[in-house]
Amino acid sequence: VAAIAPYLSPGIRAATWLADEGHANPRTITRLLAARAIESGAEVRSHTRLADVGRSASGFQVTLASGEGREQVRADRVLLATGAATMRTGVLFNLHLPVFPAGLTMTATERTAPMIGHLVQHVGRRLSMKQAESGNILIGGGWASRLQRADTGFDLSRPATINPEALRANLKAAADTVPGVAALNIIRSWTGIVALTADQLPLVGAVSRVPGLYVAAGGSGFTLGPTFARLLAAEMAGECGGDGELALFSPDRFDHLNGFMG
Ligand SMILES: Cc1cc2nc3c(=O)[nH]c(=O)nc-3n(C[C@H](O)[C@H](O)[C@H](O)COP(=O)(O)OP(=O)(O)OC[C@H]3O[C@@H](n4cnc5c(N)ncnc54)[C@H](O)[C@@H]3O)c2cc1C
């Protein structure tokens, strides 16, 4: 461990190392993926909401809402990739899709000389650390932030708020694991909302009860999203090899929740 990752605390007695593990900046990658999709013929409508859905003869009559008003679109198939809002978008199809919101926290240190050359995760404590190209060290690992409330549930339109205790514990885990970060200033902490399912596995695949409807929500979506997209796109295009790679994540495992939905 000391030879491969000398920045780790001498208290770390053993580690596993995956040579092709990596990390990427979602703010760069997400825009790049969208640009490539558009180059390949996709039409992207940002700031546009799936507002309503009806059945048409061969698929769905979808209502999209944006600042410019409402628009009807016909679709043979619909994929709900609406993250923590999937429980709400499922309602448009008269479905319970059991996806729940949870708030998480990330923190960035000031820039420093190259120190951490790997994506570091701790097996016994909640911690993930990586150093960006700019030199900032990013610290996270699944520490909670607090969701804001609305009259009818959690308010997904407002950011979760920082939980100081969780933030302190996250930073302590970071400094215990990589003592060099203890001397760095924190420049920013922020929160985001993730989607959890009842069994913590992602919800990815066809919804048999509503032919033509597919879901992709939950799980470590930044890491696994491209794989889900590749497999699901093939399935939606009827190219599925039938090897069942997504079977474990099928939304049909929760079909019993919809048994009484008239
Ligand atoms: C602090 C933090 C750290 C994380 N770290 C990691 C990590 O290290 N590795 C990892 O793999 N994952 C990580 N995640 C999880 C990862 O960010 C998510 O799993 C991923 O973003 C999910 O992508 P998604 O496209 O499924 O959903 P989202 O990114 O939540 O996107 C859903 C989209 O649907 C839109 N939407 C909602 N309702 C509607 C509607 N009615 N009509 C149209 N659009 C709608 C929303 O506006 C949103 O843009 C982290 C998350 C957080 C918050």
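Please read all numbers here as calculations on a predicted model, not as lab measurements. As the structure lists them, so they are numbered: ligands from 1, and atoms in each ligand from 1.
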field: Selection from L196, L138, T82, V91 by shortest heavy-atom distance to atom 45 (C) of ligand 1
entry: T82
- prompt: Is I193 close to ligand 1, meaning an N/O of one under 3.5 Å from an N/O of the other?
  reply: no
message: Among all the protein's heavy atoms, is there at least one whose distance to atom 43 (C) of ligand 1 comes out below 4.0 Å?
response: yes
Heavy-atom nearest neighbour in the protein, as seen from atom 13 (C) of ligand 1, with distance rounded to 0.1 Å: F222 CB, 4.5 Å
- request: Run down the list L224, V194, T223, L119 and name the one with the heavy atom closest to atom 50 (C) of ligand 1.
  value: V194
- request: Measure the shortest side-chain to side-chain distance between E235 and Y214 over non-hydrogen atoms and say whether it is less than 4.5 angstrom.
  value: yes
Atom 10 (C) of ligand 1: any protein heavy atom closer than 4.0 Å: yes
message: In terms of relative ring orientation, are F60 and F93 parallel, tilted or perpendicular, with 30° and 60° separating the classes?
response: perpendicular
- request: Using distance alone, decide if ligand 1 has a nitrogen or oxygen within less than 3.5 Å of any nitrogen or oxygen in G221.
  value: yes
S9 side chain to V178 backbone, donor-acceptor under 3.5 Å: no
message: Between R253 and D199, does any NZ, NE, NH1 or NH2 come within less than 4.0 Å of an OD or OE carboxylate oxygen?
response: yes
query: Do T30 side-chain atoms and R27 backbone N/O form a donor-acceptor pair below 3.5 Å?
result: no
query: Just checking, is any N or O donor in the side chain of E110 or N185 under 3.5 Å from an acceptor N or O on the other one?
result: yes
- request: Flag the pair R168 and E165 as a salt bridge only when some basic side-chain nitrogen lies within less than 4.0 angstrom of an acidic carboxylate oxygen.
  value: no
message: Starting from atom 30 (O) of ligand 1, what is the nearest protein heavy atom, named by residue and atom, and what distance separates them?
response: G83 CA, 3.8 Å
task: List the closest protein heavy-atom neighbour of atom 4 (C) of ligand 1: residue, atom name, distance to the nearest 0.1 Å.
output: L104 CD1, 4.6 Å
query: Is the backbone of V120 close enough, under 3.5 Å, to the side chain of H118 for a donor and an acceptor to pair up by distance?
result: no
query: Within 4.0 Å of atom 27 (O) of ligand 1 (strictly less), any protein heavy atom?
result: yes
query: ligand 1 versus T48, non-hydrogen atoms closer than 4.0 Å: side chain, backbone, both, neither?
result: backbone
- prompt: Which atoms from ligand 1 have a heavy atom of G219 less than 4.0 Å away?
  reply: 19 (O)
- prompt: Is the closest side-chain heavy-atom distance between Q131 and N136 below 4.5 Å?
  reply: no
- request: Report yes or no: does G142 have a heavy atom closer than 4.0 Å to ligand 1?
  value: no
query: When you look at S208 and D252, which way does the side-chain hydrogen bond (donor to acceptor under 3.5 Å, both in side chains) test go after all the steps?
result: CA-CA 7 Å; S208 300; D252 288 350; 2.4 Å; yes
- prompt: Is a salt bridge present between R149 and D151, judged by a nitrogen-to-oxygen distance below 4.0 Å?
  reply: no
query: So which protein heavy atom does atom 5 (N) of ligand 1 come closest to, and at what separation?
result: M106 SD, 5.0 Å
query: Can the ring centroids of F100 and F154 be said to lie less than 6.0 angstrom from one another?
result: no
message: Measuring from non-hydrogen atoms of G225 to any atom of ligand 1, is the shortest distance under 4.0 Å?
response: no
message: Considering non-hydrogen atoms of the protein only, which is the closest contact for atom 25 (O) of ligand 1, and what is the distance?
response: A81 O, 4.4 Å
task: Distance to 0.1 Å, residue and atom name: give those for the protein heavy atom nearest to atom 41 (N) of ligand 1.
output: L50 O, 3.2 Å
- prompt: P202 versus T197: any side-chain heavy-atom pair under 4.5 Å?
  reply: no
message: At less than 4.0 angstrom from any non-hydrogen atom of R49, what atoms of ligand 1 do you find?
response: 40 (C), 41 (N), 42 (N), 43 (C)
- request: May I ask you to identify the nearest protein heavy atom to atom 8 (O) of ligand 1, giving residue, atom name and distance to one decimal place in Å?
  value: K130 NZ, 4.1 Å
task: Write out the residue and atom name of the closest protein heavy atom to atom 37 (C) of ligand 1, then the distance separating them to 0.1 Å.
output: A85 CB, 3.5 Å
query: Is S220 close to ligand 1, meaning an N/O of one under 3.5 Å from an N/O of the other?
result: yes
- prompt: Is atom 21 (O) of ligand 1 close to the protein, meaning a heavy atom under 4.0 Å from it?
  reply: no
